Amino acid sequence: MDDAYKPEIIEADAQRFWDENRTFQVTEEPGRETFYCLSMFPYPSGKLHMGHVRNYTIGDVMTRYQRMQGRNVLQPMGWDAFGLPAENAAMQNNVPPAQWTRENIAAMRGQLKQLGFGYDWSREFATCDPSYYKWEQWLFTRLYRKGLAYRAVATVNWDPVDQTVLANEQVVDGKGWRSGATVERREIPQWFLRITDYADELLDALDDMPGWPEQVRAMQRNWIGRSEGVELAFAIHGREETLSVYTTRPDTLFGVSYMGLAPEHPLTRELAESNPEIAAFVEECNKAGVAEATVATMEKKGLDTGLRAVHPLTGEEIPVWIANFVLMTYGSGAIMAVPAHDQRDWEFATKYGLPIRPVIAPADGGEPDVSAEAFTDKGVLVNSGDYTGMTSDEAFEAIAGWLQQRGIGERQTNYRLRDWGVSRQRYWGAPIPIINCPTCGQVPVPDDQLPVELPEDVQFDGAGSPLKQMPEWYRTTCPQCGGAAERETDTFDTFMESSWYFARFACADNDGAMLDDRAGYWLPVDQYIGGIEHAILHLLYARFYQKVMRDEGLTIADEPFTNLLTQGMVLKDGAKMSKSKGNTVDPQALVERYGADTVRLFAMFAAPPEQSLEWSDSGVEGGYRFLKRLWHLVRNHTAQGAAPALDVAGLTDAQRDTRRKVHETIRKASEDIGRRFTFNTGIAGVMELVNTLYKAIDDDSEQGRAVMQEGLEASVLILAPIVPHICHRLWQALGHDDAVVDAAWPQVDADALTQDTLEIVVQVNGKLRGNIQVPADAERDAIETAALDEPNVQRFISDKTVRKVIVVPGKLVNVVAN
RNA sequence: GCGGGAGUGAUGGAACUGGUAGACAUACAGCACUUAAAAUGCUGAGGCGCAAGCCGUGCGGGUUCGAGUCCCGCCUCCCGCACCA
């Protein structure tokens with residue numbers, strides 16, 4: 001073993017060893033306990049960033065730890081290869097998106113290998129491979145035939161100058177990012193998947209997913225947003241048809257003082273045709289992006305239509321307004337406004353001088369005060385005719401029943417969740433496998449014509465998708481009638497690819513089926529790791545896809561990911577790393593300077609995985625220092641030759657103390673690394689152990705060296721998942737012929753943990769006043785007496801009366817005196 | 001705006017079930033080694049105070065023998081909001 005720690009040499013050696021021995025290539029071995037560990041695959045943007053390094057190190061540590069537990073562990077890697085950045089790069093550098101993407105993948109694959117992650121590369125794929133998206137297209141045609149995929153119009157951001165659809169991200173302060181033009185809303189036909197058919201299952205299953213953070217489950221529950229309410233119809237003076245609204249608060253019905261229509265509501269449209277003022281207002285509303293955050297933060301604006309609705313209970317006339325804050329995508333696109341008890345309605349009413357009528361009083365009997373804001377709690381009804389005096393819940397039942405009896409309203413379960421729009425008017429995505437035939441309409445592409453391949457050798461100028469300018473590509477014949485027809489030129493949302501890649505890793509080489517028996521062997525994923533920013537969309541779509549694939553008979557699991565770990569962001573100077581802020585740290589440079597182990601160690605040491613991680617160059621330096629320290633300790637020990645066998649009975653007190661520290665560390669690290677995933681504290685524990693071993697460095701007695709050997713082996717085994725290269729070398733140096741990657745996780749020797757005396761702290765009135773040593777088996781009375789006799793405790797209680805003594809066994813005594 | 005989180009020394013963080021606040025590390029200071037520096041090893045250290053001690057976990061209240069941890073009300077920052085991935 002070398003005197004100096006030389007990461008560049010030992011890391012290349014270890015990686016060659018794993019490579020030559022195909023260490024991480026796994027096969028299905030029936031009867032063996034499996035563990036499928038998956039980190040969210042990256043978008044191939046060019047090079048790895050620190051968020052990737054952190055994510056993939058967490059996954060690799062879990063993978064290697066599970067391997068040391070003897071499980072058959074799968075850890076694959078692939079590429080989320082479709083998406084907007086490739087199109088932007090193509091415009092900037094005049095390189096086809098496919099070429100740019102594949103070059104990036106090659107570069108990033110090299111970086112991942114350099115970091116020593118234990119992936120089974122034989123399963124690798126990119127989502128832009130036709131052999132992958134073929135099956136996505138195949139499944140879509142099945143969903144279409146089942147009625148789970150359908151076409152409808154939907155609103156998009158439209159850049160009137162560039163004549164193109166914009167992503168929400170491309171709308172900056174209401175303007176197109178390239179043209180600077182004010183963005184407009186436009187309705188175009190789009191493909192949708194009926195995720196709302198699965199809303200109840202997606203929601204209810206959240207209660208039975210203990211391996212997911214409660215935080216993420218709460219976000220998904222709120223996103224799905226199931227509510228119980230009433231849909232009721234308001235008659236409109238002088239018109240045949242009624243105006244349908246959905247409310248979760250029928251108990252506030254007597255407080256309705258106006259109606260609100262979305263600018264996109266059919267009634268609004270009809271009125272706009274004959275009323276220029278309304279048309280102008282709608283046009284003004286349309287000069288805005290579609291993002292919900294934009295809509296929700298816009299200044300509330302409205303226009304009285306002049307129509308009057310009729311209150312179903314009082315017969316009173318209620319003005320009908322168009323309001324820009326009413327969402328066409330939720331409920332029926334119209335609301336009954338109760339400004340006294342809904343904050344948005346309150347703000348609108350205040351602005352336009354509409355009446356605010358309190359009809360709910362606080363349950364504690366106070367007067368409702370709605371002068372400064374709406375009173376949104378439930379309570380007791382007032383000013384509500386026959387219903388006055390009922391609680392909100394009683395009135396809900398009574399009013400809903402009354403409406404239902406008269407055929408005016410109906411109880412209804414509603415969801416905030418909308419169907420998933422999967423069409424994108426972009427080039428770099430999987431083509432939607434539909435042929436539009438003038439005779440037959442929409443016809444799914446037959447299986448034997450799949451995949452519909454995306455042409456990759458294209459000129460990309462950014463003015464819309466090249467597919468729309470490629471008649472040689474989109475002109476085709478109808479599979480049904482054989483007549484001339486055109487392919488769909490929209491491509492899929494990239495969430496489509498990331499919604500099932502985890503399953504495809506089980507059988508990526510199968511070109512005859514989407515999934516096979518091997519999916520049954522590996523799925524569901526035991527541990528999924530990725531950024532908290534994916535808490536809702538990606539994770540909800542993947543759950544939906546899993547259920548769809550299950551219902552297609554492709555797999556049996558109900559849920560895709562048994563355990564989920566959401567890692568926090570990597571920050572620099574308190575802010576998210578970004579090119580625009582100029583605060584990025586390039587992992588590549590750090591690996592070259594310190595080696596992969598140091599980078600991995602720091603990423604795991606600086607913070608627990610769920611928290612954000614503040615990057616620190618000097619912290620990295622500290623990690624490097626620790627590895628050198630460990631190296632030198634092993635070097636110093638092994639230079640004296642093989643260590644003698646341990647004889648537990650023959651240890652000195654000091655050796656026994658050292659050995660206790662060894663086993664306390666194993667116990668702590670097993671908890672921290674194996675169960676809690678607080679790798680930072682696990683590493684800190686080993687650092688403490690190494691500090692302790694340094695203090696025992698001069699004990700070159702037989703048993704001193706035996707304890708040192710045991711301590712070093714424990715340290716190396718515990719650190720092996722985190723810094724695998726150095727541990728690979730140190731394990732050999734400690735005299736082992738097997739590789740540490742195949743070694744078993746260390747076991748705690750309970751006998752080594754026993755102590756004769758314990759230190760107990762003593763408080764007086766909750767403040768620390770002293771500590772006492774007591775025999776480990778001391779009785780409560782003896783501890784109490786010892787605590788009261790402690791001189792400093794005496795000083796604080798001598799002029800007081802002891803009222804109570806609280807003894808927390810093995811820890812603390814609190815004397816209450818006054 | 002709505003939904004979900006987070007605030008602890010100079011810094012990253014620890015304190016797992018309500019029981020010694022600040023483990024471990026960084027930065028800093030001192031000592032040893034060195035012609036010197038770096039590297040390495042050892043030591044010190046929350047603030048105030050000579051000390052006894054007092055104060056201290058974003059802010060204001062509360063529960064408790066005891067609160068960073070539980071409850072109520074605020075403030076600030078971060079993540080998501082359906083076409084970024």
Side-chain angles (χ1 to χ4, degrees), chain A residues 40 42-43 45 80 82-85 154 156-157 165-171 190 213-216 218-219 221-223 225 290-298 300 325 329 343-344 347 416-426 493-495 498 531-538 540-541 566 568-569 571 574-576 602 605-608 610-623 625-626 628-629 632 671-672 675-676 678 680-681 683-688 691 694 759-768 771 795 803-806 808 811-817:
Chain A
M40 290 182 186
Y43 178 79
S45 55
D80 190 14
F82 279 133
L84 266 187
V156 295
N157 302 305
V165 176
L166 296 179
N168 284 333
E169 188 194 47
Q170 298 172 313
V171 179
Q190 308 246 53
E214 184 48 45
Q215 181 201 147
V216 173
M219 284 195 255
R221 274 187 204 108
N222 291 330
W223 185 261
V290 298
E292 192 185 293
T294 311
V295 178
T297 48
M298 274 188 311
K300 290 186 175 50
F325 69 93
T329 49
Q343 189 58 24
R344 285 168 307 176
E347 282 164 25
R416 208 185 73 93
L417 179 71
R418 311 197 294 260
D419 276 341
W420 177 12
V422 296
S423 298
R424 297 292 180 270
Q425 295 70 46
R426 302 195 206 295
D493 176 8
T494 58
F495 278 126
S498 55
I532 182 68
E533 64 273 20
H534 296 290
I536 295 172
L537 292 180
H538 162 60
L540 191 65
Y541 292 143
T566 49
M569 318 252 303
L571 312 177
K576 183 177 179 172
F602 179 72
F605 179 63
E610 282 99 341
Q611 278 179 36
S612 60
L613 180 155
E614 175 68 31
W615 195 264
S616 150
D617 292 335
S618 53
V620 176
E621 189 79 40
R625 205 143 48 211
F626 170 71
K628 279 195 285 187
R629 227 167 120 75
H632 291 130
E671 275 289 291
D672 290 354
R675 182 185 63 84
R676 296 175 63 209
T678 51
N680 57 328
T681 54
I683 293 166
V686 181
M687 286 176 169
E688 283 186 51
N691 290 344
Y694 257 91
E759 190 189 73
I760 305 273
V761 300
V762 185
Q763 298 179 334
V764 176
N765 293 328
K767 292 194 175 179
L768 179 65
N771 45 58
R795 214 159 63 79
R803 301 288 173 192
K804 199 173 173 185
V805 179
I806 289 141
V808 181
K811 275 205 170 146
L812 163 148
V813 176
N814 187 15
V815 181
V816 184

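On a predicted model such as this, the values are computed, not experimentally measured, just so you know.
Between A:Arg418 and A:Leu768, the residue whose closest nucleotide on RNA chain B is further toward the 5' end is A:Leu768. Mapped onto RNA chain B by nearest heavy atom, A:Val808 and A:Asp80 fall at different nucleotides, with A:Val808 at the one closer to the 5' end.
Taking 3.5 Å as the limit, the base of B:rC83 and the side chain of A:Gln425 contain a donor-acceptor pair of atoms between them. With hydrogens and angles left out, the side chain of A:Gln190 and the base of B:rC83 share a donor-acceptor pair within 3.5 Å.
Regarding contacts with the backbone of B:rU64, every side-chain N or O of A:Gln763 stays at 4.0 angstrom or more from both OP1 and OP2. Residue A:Asn680 has no polar side-chain atom (N or O) positioned under 4.0 Å from OP1 or OP2 of B:rA25. Put simply, A:Arg424 has a side-chain N or O that comes within less than 4.0 Å of OP1 or OP2 on B:rC83. One finds a side-chain N or O of A:Lys767 lying less than 4.0 angstrom from the OP1 or OP2 phosphate oxygen of B:rC55. Put simply, A:Asn691 has no side-chain N or O that comes within less than 4.0 Å of OP1 or OP2 on B:rC42.
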Base-pair string, RNA chain B, Watson-Crick plus G-U, cut-off 3.5 Å on both distances, | for inter-strand, is (((((((..(((......[....))).(((((.......))))).(((....)))..(((((..]....))))))))))))....

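Applying the 90° cutoff around 0 to the glycosidic angle, B:rG9 is assigned syn.
Using a 4.0 Å heavy-atom criterion, one finds that A:Glu214 contacts no nucleic acid atom at all. Within 4.0 Å (heavy atoms only), A:Val686 reaches no atom of the nucleic acid at all. At the heavy-atom level, A:Arg344 lies nowhere under 4.0 Å from the strands shown. No contact: A:Arg803 has no heavy atom under 4.0 Å from any strand. Residue contacts shown for A:Val816 are limited to sugar-phosphate atoms, with no base heavy atom under 4.0 Å away. A:Asn771 comes within contact range of no nucleotide atom at all, as no heavy-atom separation falls under 4.0 Å. Nucleic acid contact class of A:Leu84 (heavy atoms, under 4.0 Å, all strands): sugar-phosphate only. A:Pro608 comes within 4.0 angstrom of the backbone, heavy atoms only, and of no base. A:Phe626 comes within 4.0 angstrom of nothing in the nucleic acid, heavy atoms only.
Taking only side-chain atoms of A:Arg795, from C-beta outward, the nucleotide of B:rC83, B:rG53, B:rG66 with the closest atom is B:rG53.
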